[in-house]
Amino acid sequence: MKNKKLYNYLLVAIMLISSFSYAQKINSVEENNLNFQSYFFEALKQKAIKNYTKAIENLEHCYEIDSLNIAVDFELSKNELLLKNYEEAIFFIDKALEKEPKNSYLLKHKVIIYKEQRNFKDAIEIQKKVVEIQPNNMDELLLLYFQNKDYIKAEKLIAEIEKKAFSTQRIKRLKKYLENRKLIDKKTNVKIKPSLKDIDIKILKVAYNQNKNYKILVEILNREVKNELFEALYNDSLQALELFPAQPYLYKINGFALNKLKKYNEAIDVLTLGIDFVIDNTIMEADFYEELSKSYKGLNDTNKALKFMQKATDLRNQD
């Protein structure tokens with residue numbers, strides 16, 4: 001009888017210890033979950049107010065609690081990118097992709113990192129994976145071909161896109177740009193009557209034609225703006241796009257010239273295409289929106305004119 005009582009006592013004791021241990025584990029898991037959520041939301045809050053270093057500190061606490069969480073890797077990569085720590089941004093997005101290699105959001109973010117580094121070659125390879133998952137993202141692949149000056153591949157992709165009926169407004173504009181490239185020589189053979197105010201420009205053009213220096217080109221275009229040589233500005237910027245197709249400034253200045261020449265629809269096409277090449281430059285982006293506003297104002301489309309002017313104002317207020 002004593003042995004039986006002892007056995008029952010031990011059994012109850014073991015059950016109580018097990019229950020206590022289990023309750024401790026449950027409490028520990030719940031506490032970790034609460035801590036994780038607290039750190040993670042604090043990280044999002046700090047990122048929203050552009051305190052990226054503080055956001056990373058909170059995400060590191062999240063990582064200590066759950067090192068397998070893809071959202072943590074993703075947010076770490078985003079914040080490192082915002083700090084222009086490209087190697088770290090790649091490191092964390094690769095960690096996330098090890099867990100989910102076909103996650104299109106992760107792949108698109110990696111494309112953004114490469115684009116900011118102007119590494120279009122690697123960006124193209126990643127974007128191809130995105131297209132395999134989401135075929136409607138072909139326009140971004142096409143834009144990357146343009147930025148990498150792969151015009152032959154761009155033409156082939158346009159043909160493929162049209163065959164699959166995936167064409168968008170952006171793709172139509174890029175196709176039109178390719179067609180315009182072939183006509184550039186004809187369009188830029190316009191002779192401009194010399195005048196006293198453009199003598200210095202002519203000297204600069206001689207220097208530019210010898211070495212195709214981009215800084216000299218910008219100086220030429222700036223002087224044409226100052227001297228209101230809008231026809232020359234249009235032709236010179238159009239020709240320059242042949243050599244520097246990924247320079248947003250050239251699209252902006254070409255659109256500016258077209259607006260001055262009252263060719264508003266053409267200006268809209270050029271500006272809408274060029275804004276895709278603006279990366280991490282709010283002032284330049286605002287300039288594009290201002291020009292687009294002028295284009296639509298010239299077409300008497302008041303709603304769109306106001307819309308783009310507001311976008312420009314919002315961007316300028318950020319700085």
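Owing to the predicted nature of the structure, the values given are computational and were not obtained by experimental measurement. Along the sequence shown, residues carry numbers from 1.
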Which atom pair, heavy atoms only, marks the closest approach of [X] to [Y]?
| X | Y | value |
| --- | --- | --- |
| Ala154 | Leu142 | O-CD1, 3.4 Å |
| Val270 | Gly255 | CG1-N, 4.0 Å |
| Gly274 | Pro248 | O-CB, 4.2 Å |
| Asn254 | Tyr234 | ND2-O, 3.2 Å |
| Met138 | Ile161 | SD-CG1, 3.4 Å |
| Ile268 | Ser295 | CG1-CB, 3.5 Å |

[atom1] of [X]: more than 12 outside heavy atoms within 6.0 angstrom?
| X | atom1 | answer |
| --- | --- | --- |
| Ile49 | CD1 | yes |
| Lys263 | NZ | yes |
| Lys212 | NZ | yes |
| Lys99 | NZ | yes |

Heavy-atom side-chain proximity of [X] to [Y] below 4.5 angstrom:
| X | Y | answer |
| --- | --- | --- |
| Phe92 | Leu81 | no |
| Asp276 | Phe146 | no |
| His61 | Asn35 | no |
| Phe120 | Lys149 | no |
| Gln147 | Leu144 | yes |
| Lys297 | Thr302 | no |
| Asn222 | Tyr249 | yes |
| Leu233 | Phe256 | yes |

Using 0.5 Å steps for rounding, measure from the [atom1] atom of [X] to the [atom2] atom of [Y].
| X | Y | atom1 | atom2 | result |
| --- | --- | --- | --- | --- |
| Phe230 | Glu224 | CZ | CD | 10.5 Å |
| Glu266 | Asn259 | CD | CG | 11.0 Å |
| Asn119 | Ile113 | CG | CD1 | 11.0 Å |
| Ile65 | Ser38 | CD1 | OG | 8.5 Å |
| Lys95 | Ile70 | NZ | CD1 | 11.5 Å |
| Tyr39 | Leu44 | OH | CG | 15.0 Å |

Exercise. In a check of salt bridge (charged side-chain N to carboxylate O under 4.0 Å, His left out) between Glu140 and each of Lys115, Lys108, Lys128, which one passes?
Worked result: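 Exactly one pass, corresponding to Lys115.
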For this session: Check each of Lys156, Lys164, Lys163 against Glu160 using the salt bridge (charged side-chain N to carboxylate O under 4.0 Å, His left out) test, and report the only one that passes.
Result: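 Testing Glu160 for a salt bridge (charged side-chain N to carboxylate O under 4.0 Å, His left out) against Lys156, Lys164, Lys163 leaves exactly one candidate, Lys164.
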For this session: Decide yes or no on side chain to side chain donor-acceptor pair (under 3.5 Å) for Gln239 and Asn235, but give the supporting numbers first.
Result: CA-CA 6 Å; Gln239 190 172 30; Asn235 287 303; over 6 Å; no
Distance-only donor-acceptor check, side chains [X] and [Y], under 3.5 Å:
| X | Y | answer |
| --- | --- | --- |
| Gln310 | Asp314 | yes |
| Asn148 | Asp150 | yes |
| Glu88 | Asn85 | no |

For this session: Show your reasoning for whether side-chain contact (heavy atoms from CB on, under 4.5 Å) applies to Asp236 and Lys205.
Result: CA-CA 10 Å; Asp236 288 340; Lys205 284 185 177 182; 2.9 Å; yes
Check the hydrophobic clustering (I, L, V, M, F, W, Y; side-chain heavy atoms under 4.5 Å; chains of links allowed) and say if [X] and [Y] are grouped together.
| X | Y | answer |
| --- | --- | --- |
| Ile283 | Leu82 | no |
| Tyr52 | Ile90 | no |
| Ile112 | Leu76 | no |
| Leu306 | Leu299 | no |
| Met309 | Leu271 | no |

For this session: Please work out whether the ring planes of Tyr251 and Phe277 are parallel, tilted or perpendicular, with thresholds of 30° and 60°.
Result: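 Rings of Tyr251 and Phe277: parallel, under 30°.
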For this session: Return the orientation label for the Phe308 and Tyr296 ring planes: parallel under 30°, perpendicular over 60°, tilted otherwise.
Result: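 Because their plane-to-plane angle is under 30°, the rings of Phe308 and Tyr296 count as parallel.
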Exercise. Is there a side-chain contact (heavy atoms from CB on, under 4.5 Å) between Phe288 and Thr272 once you walk through the steps?
Worked result: CA-CA 8 Å; Phe288 268 86; Thr272 308; over 6 Å; no
Exercise. Would you call Lys45-Glu42 a salt bridge at under 4.0 Å N-O?
Worked result: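 Here Lys45 pairs with Glu42 in a salt bridge, since their nearest N and O are under 4.0 Å apart.
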Exercise. Is the shortest side-chain N to carboxylate O distance from Asp94 to Lys110 below 4.0 Å?
Worked result: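 Yes, charged N to carboxylate O under 4.0 Å.
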Exercise. Given the rule in the side-chain contact (heavy atoms from CB on, under 4.5 Å) test, do Glu116 and Lys84 qualify, once you have shown the distances and angles that lead to the verdict?
Worked result: CA-CA 9 Å; Glu116 287 220 11; Lys84 300 191 185 301; 3.9 Å; yes
Problem set entry | Result of checking Ile126, Val130, Leu97 against Leu106 for side-chain contact (heavy atoms from CB on, under 4.5 Å) |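 The side-chain contact (heavy atoms from CB on, under 4.5 Å) with Leu106 is passed solely by Leu97 among Ile126, Val130, Leu97.
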Within the distance-only criterion (no hydrogens, no angle test), does the side chain of [X] pair as donor or acceptor with the backbone N or O of [Y] below 3.5 angstrom?
| X | Y | answer |
| --- | --- | --- |
| Asn58 | Lys54 | yes |
| Glu231 | Leu261 | no |
| Asn227 | Leu229 | no |

Exercise. Can Lys78 be said to sit on top of Phe74's aromatic six-ring, NZ or CZ under 6.0 Å from centre and within 45° of the ring axis?
Worked result: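 Flagged: Lys78 positioned over aromatic ring of Phe74.
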For this session: Start with the C-alpha gap between Glu219 and Arg223, add the side-chain angles, then the distance that decides, and say whether salt bridge (Lys or Arg N to Asp or Glu O under 4.0 Å) holds.
Result: CA-CA 6 Å; Glu219 181 62 26; Arg223 291 195 185 193; 2.8 Å; yes
For this session: Please step through salt bridge (Lys or Arg N to Asp or Glu O under 4.0 Å) for the pair Glu132 and Lys129, ending with a clear verdict.
Result: CA-CA 5 Å; Glu132 286 176 12; Lys129 294 180 182 179; over 6 Å; no
For this session: Show the numbers, then the answer: is there a side-chain contact (heavy atoms from CB on, under 4.5 Å) between Asp287 and Val278?
Result: CA-CA 11 Å; Asp287 289 345; Val278 179; over 6 Å; no
Problem set entry | Partners meeting ring-ring contact (aromatic ring centres under 6.0 Å, His included) with Tyr114 (sequence neighbours left out) |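 For Tyr114, no residue satisfies ring-ring contact (aromatic ring centres under 6.0 Å, His included) once neighbours in sequence are set aside.
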